[in-house]
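Below is one structure, written out as structure tokens; the observations come after it.
Just so it is clear, the structure is predicted and the values come from calculations on it, not from any experiment. If you read the sequence from its start, that first residue is 1, and numbering goes on from there.
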Amino acid sequence: MITFKTLENTNSEIIRQAINLGFSDYSIPLQFSPEHWEQKLLAENIEWKLSVGAFDGDVLVGVIMHGEKRTASEHLIYNGGTAVIPSHRGHQITRKMYDFILPKLKGSTADKLILEVIEDNFPAIISYEASGFITKRHLESYKGLLSDVVTNEAYEVKPLLSYDWALLQSFWDVKPTWQNDFEAVELSQMYLNSLGIFSENRLLGYIIYNPNTNRILQLAVSKLHRRQKIASTLLSKAIQHKETPIVVTNIDNAKHDTIAFIKSIGIPNFVNLFEMELPINKPHIL
């Protein structure tokens, strides 16, 4: 018999192993090392009391991990990962985990639940839609080795020692997804490096990245200084381990200039996702 409960009393290592097993046969297999697992939990502000596990006896067979964020106007919940181990697929465990956790999220005053799902994971999409999720954005992700790029040496590149988010956000065209937003940067900055590119001490662009994985969280250029090789200069200075692929995840496909730039430097697309949302304070979903 499958039972369901929140995960605040379940060992994090047991959850990691269940997530890895559940993701092991995905079209893009995803495996978390202990180090990367801890970074993910920190950056996404995972709250086990808002997360749910499905148990077959004492064995954890399904997981939904939830992170939490409160802004001035919203209380948001983020699905940081949903997985069911292969031996227990086909029994609507994901749907049942949501049936269990949604009333608890409603009781937490949360306004909205957000998740990302691989675009060809049709069973998951069907399950999410059955729970009331609506697709809001189409996201693209890129991964590959950085080849030689043309840089602009007229500007000074130096570490970005603090974040003036009002200024940095003025460089954005669209808001980053949960994993790349400024809250994730602030929570995990101990693992991150940041560079700015300057002209007479005026910031023209910046990059925030994980130097161990070459994952780019944010790369943005002032709207007044684009097409001056600023982004390629920042990438070239940031990526010291040229033999490690760079990873740029969850780019809103409305960001045509950013996608064109990533393609122009030879980094191929490796997965696309849908960002889906569920308003969880409406009574019809319960």
Side-chain angles (χ1 to χ4, degrees), residues 35-36 39-40 42-44 139-271:
E35 179 184 11
H36 293 157
Q39 292 180 26
K40 175 183 176 65
L42 181 64
E44 297 176 14
L139 309 171
E140 301 185 11
S141 297
Y142 292 79
K143 180 179 182 179
L145 295 175
L146 182 65
S147 57
D148 292 333
V149 295
V150 179
T151 61
N152 186 338
E153 302 302 323
Y155 301 122
E156 181 183 14
V157 177
K158 58 185 180 181
L160 193 63
L161 300 178
S162 62
Y163 302 126
D164 179 349
W165 286 115
L167 174 61
L168 301 186
Q169 289 181 64
S170 73
F171 296 176
W172 297 357
D173 294 318
V174 297
K175 184 176 175 60
T177 58
W178 189 286
Q179 296 175 359
N180 299 330
D181 210 348
F182 69 87
E183 293 93 348
V185 170
E186 293 283 358
L187 288 169
S188 59
Q189 59 182 303
M190 68 184 71
Y191 300 110
L192 306 176
N193 285 352
S194 305
L195 296 175
I197 192 165
F198 296 83
S199 175
E200 298 179 349
N201 291 320
R202 183 169 48 130
L203 184 67
L204 307 182
Y206 72 98
I207 185 170
I208 302 173
Y209 62 101
N210 186 318
N212 294 317
T213 62
N214 280 358
R215 187 170 82 83
I216 312 301
L217 280 77
Q218 296 186 16
L219 173 61
V221 177
S222 161
K223 295 181 174 74
L224 299 176
H225 296 88
R226 295 180 179 176
R227 295 178 175 80
Q228 297 180 29
K229 307 302 180 185
I230 289 175
S232 55
T233 300
L234 285 165
L235 268 177
S236 179
K237 298 292 185 182
I239 305 304
Q240 300 300 315
H241 303 294
K242 305 297 185 185
E243 69 283 0
T244 302
I246 68 168
V247 182
V248 189
T249 60
N250 294 359
I251 306 170
D252 188 320
N253 74 344
K255 295 181 66 174
H256 303 298
D257 289 349
T258 300
I259 291 172
F261 166 70
I262 296 295
K263 290 180 176 178
S264 75
I265 59 174
I267 306 301
N269 172 252
F270 79 99
V271 67

*In Å and rounded to the nearest 0.5 Å, what is the CG to CD1 distance from Leu235 to Ile207?*
4.5 Å
*Rounded to the nearest 0.5 Å, how far apart are CG of Asn210 and CD1 of Ile246?*
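One gets 13.0 Å once the value is rounded to the nearest 0.5 Å.
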4.5 Å side-chain heavy-atom contact, [X] and [Y]:
X: Gln39; Y: Arg215; value: no
X: Val185; Y: Leu217; value: yes
X: Ile197; Y: Val221; value: no
X: Leu203; Y: Leu160; value: yes
X: Asp252; Y: Thr258; value: no
X: Phe261; Y: Ile265; value: yes
X: Trp178; Y: Glu183; value: no

*Where the side chain of Thr151 meets the backbone of Glu153, is there a donor-acceptor pair that is under 3.5 Å apart?*
no
*Does Ser170 offer a backbone N or O that forms a donor-acceptor pair with the side chain of Lys223 under 3.5 Å?*
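A pair under 3.5 Å: yes.
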Closest non-hydrogen atom pair, [X] against [Y]:
X: Leu192; Y: Ser188; result: CG-O, 3.4 Å
X: Ile251; Y: Ile262; result: CD1-CG1, 4.3 Å
X: Phe171; Y: Ala220; result: CB-CB, 3.8 Å

*Do other residues, nucleotides or ligands put more than 12 heavy atoms under 6.0 Å from Lys237 NZ?*
no
*Can you find a side-chain donor-acceptor pair between Gln228 and Tyr155 that sits under 3.5 Å?*
yes
_Single hit among Thr244, Leu145, Leu146 for side-chain contact (heavy atoms from CB on, under 4.5 Å) with Asn214_ = Thr244
_Applying the side chain to side chain donor-acceptor pair (under 3.5 Å) criterion to Ser194, which one of Tyr206, Tyr163, Tyr209 satisfies it?_
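Single side chain to side chain donor-acceptor pair (under 3.5 Å) partner of Ser194 among Tyr206, Tyr163, Tyr209: Tyr163.
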